[in-house]
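Since the structure comes first, as structure tokens, the remarks are kept for the end.
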Amino acid sequence: MSATLSPELQGWVGRSRVVEEDVGLAAVRRIAGMLDMDPAAFRNGDLLPPHWFTLFFADATRQSEIGPDGHPQPGVVLPPIPLPRRMGAGRRVVIHDCLRVGDTASKTAEVAAILPKQARTGFITVLTMRHTIRRGSDLIAVDEFDAIYREAVKPGETSGTGAPLPAPAGAAWRVEKHLSPALVFRYSAITWNAHRIHYDADYARQEEGYPATVQNGGLTMQLLLDAAVAHTPGRLAGFTARLTRPIYVGDTVALCGEAPRDGKVTAWVEDRDGHLCAQLDCSFA
């Protein structure tokens with residue numbers, strides 16, 4: 001692989017498309033049920049939690065355009081990056097307003113950057129997408145999302161991970177969460193995510209070198225944001241997120257966070273061995 005971006009991929013930088021969404025009551029109630037909230041508590045016109053915009057605006061890709069990993073084939077909705085394995089890595093979000101049940105809204109998805117480089121675990125390419133959420137002319141949020149594309153795992157080898165980092169000590173709050181197969185399935189269904197590493201154990205082991213099905217990083221961030229919002233006064237105004245270590249379906253993790261300081265909160269996910277798996281830095285207004 002080359003560390004120089006090909007002319008074809010250079011042509012994708014700056015390209016954008018629009019995804020429209022009806023934020024319907026039925027979908028909101030399914031989300032609430034998945035998150036163990038009372039679905040009947042939501043009515044048309046209700047404000048949604050600020051970060052729930054991430055649960056909408058999925059790409060409705062035709063089945064014939066789905067690749068062997070369950071993602072849309074390269075070049076259908078995302079650039080044709082010539083590396084077979086894709087996973088979320090982090091995001092930077094500024095929230096201006098909240099969606100309401102019954103809204104008609106849109107997401108403008110722009111290819112912000114494509115960066116090929118050599119990493120410790122092999123050659124990778126980092127794709128940064130900029131998602132701008134609007135309700136008519138009203139700006140709801142701007143979300144920059146990083147995905148890492150990696151080389152295929154060689155036969156008989158396992159997927160490489162970095163050295164584990166210890167989770168922070170001295171949490172002000174801590175919530176244990178079991179990541180059951182049913183929870184991960186329901187989240188994937190709501191977000192229309194068919195990536196096979198989340199539900200096909202044979203594929204996860206044999207094709208991508210993981211020991212088991214892999215927890216969905218979007219769900220990890222959703223649960224941690226929900227916990228941070230529940231333990232912090234004020235309105236969530238933005239956050240940065242970083243995934244640092246794989247978690248597997250069936251694991252029990254701890255969602256932890258510090259006490260707020262000047263409207264800032266750091267929260268994290270800790271696995272059963274005390275390793276840091278994900279971190280959020282949140283700001284509240």
Side-chain angles (χ1 to χ4, degrees), residues 30-31 33-36 54-55 58-59 61-74 76-78 81-90 119 121-125 127 145-165 167 176-224 241-255 269-278:
R30 285 192 289 269
I31 291 168
M34 182 265 297
L35 295 173
D36 206 24
T54 61
L55 295 164
D59 292 299
T61 310
R62 295 176 59 164
Q63 188 63 30
S64 59
E65 296 174 332
I66 295 295
D69 61 353
H71 282 309
Q73 294 172 2
V76 174
V77 294
L78 295 177
I81 294 171
L83 292 169
R85 303 167 64 211
R86 173 165 70 91
M87 291 192 72
T121 56
F123 190 84
I124 66 171
T125 296
L127 169 67
F145 178 85
D146 298 326
I148 294 180
Y149 289 72
R150 302 169 67 186
E151 296 173 309
V153 173
K154 296 178 181 178
E157 293 188 0
T158 59
S159 179
T161 58
L165 298 173
E176 290 202 348
K177 187 68 178 181
H178 178 60
L179 306 173
S180 71
L183 172 61
V184 178
F185 170 83
R186 295 179 88 189
Y187 177 84
S188 294
I190 284 167
T191 56
W192 206 237
N193 184 330
H195 193 185
R196 289 172 65 186
I197 64 171
H198 302 313
Y199 59 88
D200 186 336
D202 288 341
Y203 175 87
R205 285 191 295 261
Q206 297 168 12
E207 299 297 328
E208 301 218 14
Y210 293 106
T213 47
V214 182
Q215 158 72 353
N216 190 307
L219 175 57
T220 301
M221 290 295 100
Q222 177 70 39
L223 297 172
L224 187 55
R242 183 168 56 96
L243 300 173
T244 59
R245 189 170 182 81
I247 307 170
Y248 299 100
V249 178
D251 285 355
T252 297
V253 298
L255 311 172
V269 178
E270 177 182 333
D271 69 14
R272 61 187 176 188
D273 297 315
H275 298 146
L276 178 67
C277 299

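- Not one N or O on the side chain of D273 forms a donor-acceptor pair closer than 3.5 Å with the backbone of H275.
- You'll find the side chain of R150 stays beyond 4.5 Å of the side chain of L83, heavy atoms only.
- Contact between P181 and V249 at its shortest, heavy atoms only, is CA-CG1, 3.6 Å.
- Nearest approach of S64 to Q73, heavy atoms of both residues: O-NE2, 3.4 Å.
- Considering only heavy atoms from C-beta on, L78 comes within 4.5 Å of R86 through its side chain.
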Given side chain to side chain contact (heavy atoms under 4.5 Å, CB included), test V153 with E207 step by step and report yes or no. CA-CA 7 Å; V153 173; E207 299 297 328; over 6 Å; no
Under the side chain to side chain contact (heavy atoms under 4.5 Å, CB included) criterion, do Y187 and L223 qualify, and how do the steps go? CA-CA 11 Å; Y187 177 84; L223 297 172; over 6 Å; no
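- In this structure the side chain of D69 reaches within 4.5 angstrom of the side chain of Y203, judged on heavy atoms.
- Separating the CE atom in M221 from the CZ atom in R242 is a distance of 10.0 Å, to the nearest 0.5 Å.
- Looking at Y248 and T213, their side chains never come closer than 4.5 Å, going by heavy atoms from C-beta outward.
- Within the 4.5 Å cutoff, the side chain of V184 has heavy atoms near those of the Q215 side chain.
- For R272 (side chain) and D251 (main-chain N/O), no donor-acceptor pair under 3.5 Å exists by modelled atom type.
- In terms of heavy-atom proximity, A212 sits nearest to A204 at O-CB, 3.6 Å.
- Between the CG atom of L224 and the CG atom of L219 there is a distance of 11.0 Å, given to the nearest 0.5 Å.
- Taking each heavy atom of M87 and Y210 in turn, the nearest pair found is SD-OH, 2.9 Å.
- Closest heavy-atom contact between R85 and A152: CD-CA, 3.9 Å.
- Judged purely by atom type and a 3.5 angstrom limit, N216 uses its side chain to pair as donor or acceptor with the backbone of G218.
- Using a 4.5 Å heavy-atom cutoff, the side chains of V214 and E208 are not in contact.
- Atoms NE2 and CD1, on H195 and I66 in that order, are 11.5 Å from each other to the nearest 0.5 Å.
- Side-chain atoms of T244 come within 3.5 Å of backbone atoms of L276 as a donor-acceptor pair (strictly under, hydrogens ignored).
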Worked check of side chain to side chain contact (heavy atoms under 4.5 Å, CB included) between L35 and Q222: CA-CA 9 Å; L35 295 173; Q222 177 70 39; 3.7 Å; yes
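- Interatomic distance, R186 CZ to I31 CD1, rounded to the nearest 0.5 Å: 11.5 Å.
- Between the side chains of E176 and T252, not a single donor N or O lies within less than 3.5 Å of an accepting N or O.
- Atom CG of D36 is surrounded by 12 or fewer heavy atoms from other residues, nucleotides or ligands within 6.0 Å.
- Between F145 and G88 the shortest heavy-atom distance is CZ-CA, 3.7 Å.
- Crowding of F185 atom CZ: a count of heavy atoms from other residues, nucleotides or ligands under 6.0 Å not exceeding 12.
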Report the C-alpha separation of K177 and L183 in whole Å, then their side-chain angles, then the decisive distance to 0.1 Å, and conclude whether the side chain to side chain contact (heavy atoms under 4.5 Å, CB included) test is met. CA-CA 11 Å; K177 187 68 178 181; L183 172 61; 4.0 Å; yes
